[in-house]
Amino acid sequence: MSEKEVKNLEEIFEARIARDEKIEPKDWMPEKYRKTHIRQISQHAHSEIVGMLPEGNWISRAPSLRRKVALLAKVQDEAGHGLYLYSACETLGISRNELYEQLHSGKAKYSSIFNYPTVTWADMGAIGWLVDGAAIINQVPLCSTSYGPYARAMIRVCKEESFHQRQGFEIMLKLANGTPEQKDMAQDALNRWWWPSLMMLGPTDAESVHTAQSMKWKLKRKTNDELRQQFIDQTVPQADLLGLTIPDPDLKWNEETGHYDFGEIDWDEFWQVVKGYGPSNKKRMKDRVGAWEEGTWVRDAAMAYAEKKEKRKNDIKRAI
Amino acid sequence: MSQNNWPLWEVFVRSKNGLEHRHFGSLHAADAEMALENARDVYTRRSEGVSIWVVESSNITASNPENNGELFEPAADKVYRHPTFYDLPDEVKHM
Ligand SMILES: [Fe+2]
Ligand SMILES: [Fe+2]
């Protein structure tokens, strides 16, 4: 194809998206569109998968059967989200093994939030309430993104997320209305998860490199700072309801803007975690790679068994 | 790393009797039986279905959007296939 032809196709392509048409796997697409989508969708899938680890940590120690079934169901949902997203990503011409390889080698990123440890039961509350809460804010706009398989996966994901946040809030509510020790535990979890949750919505607009292009392709509909403000505005009243204090002395309602003003985010910490120096980066990767490697014999055995069954079926057919 | 990659399967789910099976997504599994079991766990955790089909993706033949013109455009100028093409007097009801 000549350069002029490509340019022409690109213009038609961009116009389709601008008209709110969806792009499907076999449609022509610019190489940059394909690459950007592989990067974003796989990062998203990896986050769902690694995101199971900090919560999986508490399944066997949940304080009641009610909490245990809820947490188990939530973690299982996250596995499902990862799988929906991996298969959406594979429609762009990359294999599942390549995607895993990118995660395991550290080439691909996942959400920085999962590199913090879950040290008390209250962390299960704070994660559901804040981390899933922030994730929902990030994900809802993606239900109408331009790439069909991604949009369809996100609709399914968003339907399932709402229980995640509610079960987390319920945990916080119970602790906040419990003994003084339980309330302290809830406050301590909020103290530790608040700032990382704000960072989770991504670098400030000034530092965000992909925003303009992502907006055009509907991979983003609001900027990181807008999403963060939305998250803060909706979460502060919920903290009040819990009787807990958000660990930000500068947090204040601003009558003029109709939003909360908030304090400086420690972006050094964010970049440290992104670069691999967060408190749990090493552990997360070790657990993830370990699970994959230790599962090799199971995958091989299943495949060998499937081949044997298939062969036997064919032998019988031939004998008849 | 294992060289034995589980093939890809497409999953179709009937959400209730009376409705058709609809494409829900895909997954990897060693064989059809495992694909069905995995589809149950991945796509019907909240009673989304009463019946599942799985088809190995490599068995699907898909049309190419590049041929959409010759495939689908011929239908565009056949307005006489639609009821609105026919002029009837207003007095004719229920037709
Ligand atoms: Fe999720
Ligand atoms: Fe979730």
Side-chain angles (χ1 to χ4, degrees), chain A residues 9 16 23-29 72-74 76-91 95-101 104-105 148-150 152-153 155-157 159-160 163 289 292-311 313, chain B residues 1-16 19-49 52-73 76:
Chain A
L9 280 174
R16 287 180 65 193
I23 307 303
E24 293 296 344
K26 294 186 75 150
D27 292 346
W28 183 88
M29 60 186 78
L72 199 54
K74 178 191 190 287
Q76 199 186 8
D77 272 356
E78 307 301 4
H81 298 174
L83 294 176
Y84 310 154
L85 289 161
Y86 279 133
S87 62
C89 197
E90 284 175 84
T91 64
S95 73
R96 183 75 60 98
N97 271 2
E98 283 173 274
L99 291 169
Y100 285 160
E101 174 56 33
H104 298 164
S105 68
Y150 192 25
R152 291 192 287 275
I155 289 170
R156 204 182 296 279
V157 167
K159 268 192 205 150
E160 298 180 349
F163 121 71
V289 174
W292 177 249
E293 284 175 352
E294 280 158 33
T296 308
W297 73 270
V298 180
R299 293 191 301 278
D300 288 349
M303 204 59 223
Y305 179 61
E307 279 159 6
K308 195 171 100 182
K309 265 197 311 188
E310 180 71 15
K311 187 173 168 290
K313 210 170 76 189
Chain B
M1 194 193 286
S2 165
Q3 290 308 306
N4 272 343
N5 296 327
W6 290 358
L8 188 67
W9 300 75
E10 300 301 321
V11 178
F12 300 82
V13 176
R14 183 203 297 288
S15 33
K16 61 175 191 191
L19 295 178
E20 65 280 71
H21 285 77
R22 198 164 58 78
H23 185 237
F24 263 44
S26 55
L27 48 77
H28 289 269
D31 61 14
E33 207 178 308
M34 186 195 271
L36 268 183
E37 283 161 8
N38 288 0
R40 197 275 312 257
D41 290 341
V42 177
Y43 291 106
T44 64
R45 286 193 303 285
R46 289 178 176 78
S47 319
E48 289 93 337
I52 304 174
W53 289 348
V54 290
V55 183
E56 203 174 326
S57 310
S58 60
N59 286 329
I60 290 183
T61 309
S63 66
N64 188 333
E66 274 171 36
N67 304 331
N68 274 8
E70 58 203 72
L71 276 176
F72 304 117
E73 267 166 30

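Contacts of B:Ala29 with chain A are absent, with no heavy-atom separation under 4.5 Å from either backbone or side chain. Looking at A:Glu24, neither its backbone nor its side chain comes within 4.5 Å of chain B, counting heavy atoms on both sides. Heavy atoms of B:Ser63 lying under 4.5 Å from chain A belong exclusively to its backbone.
Seen from the ring of B:Tyr43, A:Arg156 does not count as a face-on cation partner, given the 6.0 Å and 45° thresholds.
A search for side chain to side chain donor-acceptor pair (under 3.5 Å) contacts involving A:Asp27 returns A:Arg16, not counting sequence neighbours.
With contacts defined as side-chain heavy-atom distances shorter than 4.5 Å, the pair B:Glu10/A:Ser87 does not qualify. A 4.5 Å side-chain heavy-atom check between B:His28 and A:Glu90 finds at least one atom pair inside the cut-off. At a threshold of 4.5 Å between non-hydrogen side-chain atoms, the residues A:Asp77 and B:Arg45 count as touching.
Annotation: the span from B:Glu33 atom CD to A:Lys309 atom NZ amounts to 4.0 Å, rounded to 0.5 Å. Here OH of A:Tyr305 is found 10.0 Å from CE of B:Met34. Values are rounded to the nearest 0.5 Å. Atom CZ of residue A:Arg96 and atom CG of residue B:Leu8 lie 7.5 Å apart, to the nearest 0.5 angstrom.
Of the listed residues (B:Ala32, B:Ser57, B:Pro65), the one with the most heavy-atom contacts under 4.5 Å to chain A is B:Pro65. Between chain B and the residues A:Arg152, A:Gln76, A:Glu160, the largest count of heavy-atom pairs under 4.5 Å involves A:Glu160. Ranked by heavy-atom pairs under 4.5 Å with chain B, the list A:Trp28, A:Tyr86, A:Tyr84 is led by A:Tyr84.
Heavy-atom contacts from other residues, nucleotides or ligands closer than 6.0 Å to CZ of B:Arg46 number more than 12. Within 6.0 Å of atom NZ in A:Lys159, 12 or fewer heavy atoms from other residues, nucleotides or ligands are found, so the atom counts as exposed in its surroundings.
Applying a 4.5 Å heavy-atom cutoff, none of the residues of residues 66-73 of chain B approach chain A.
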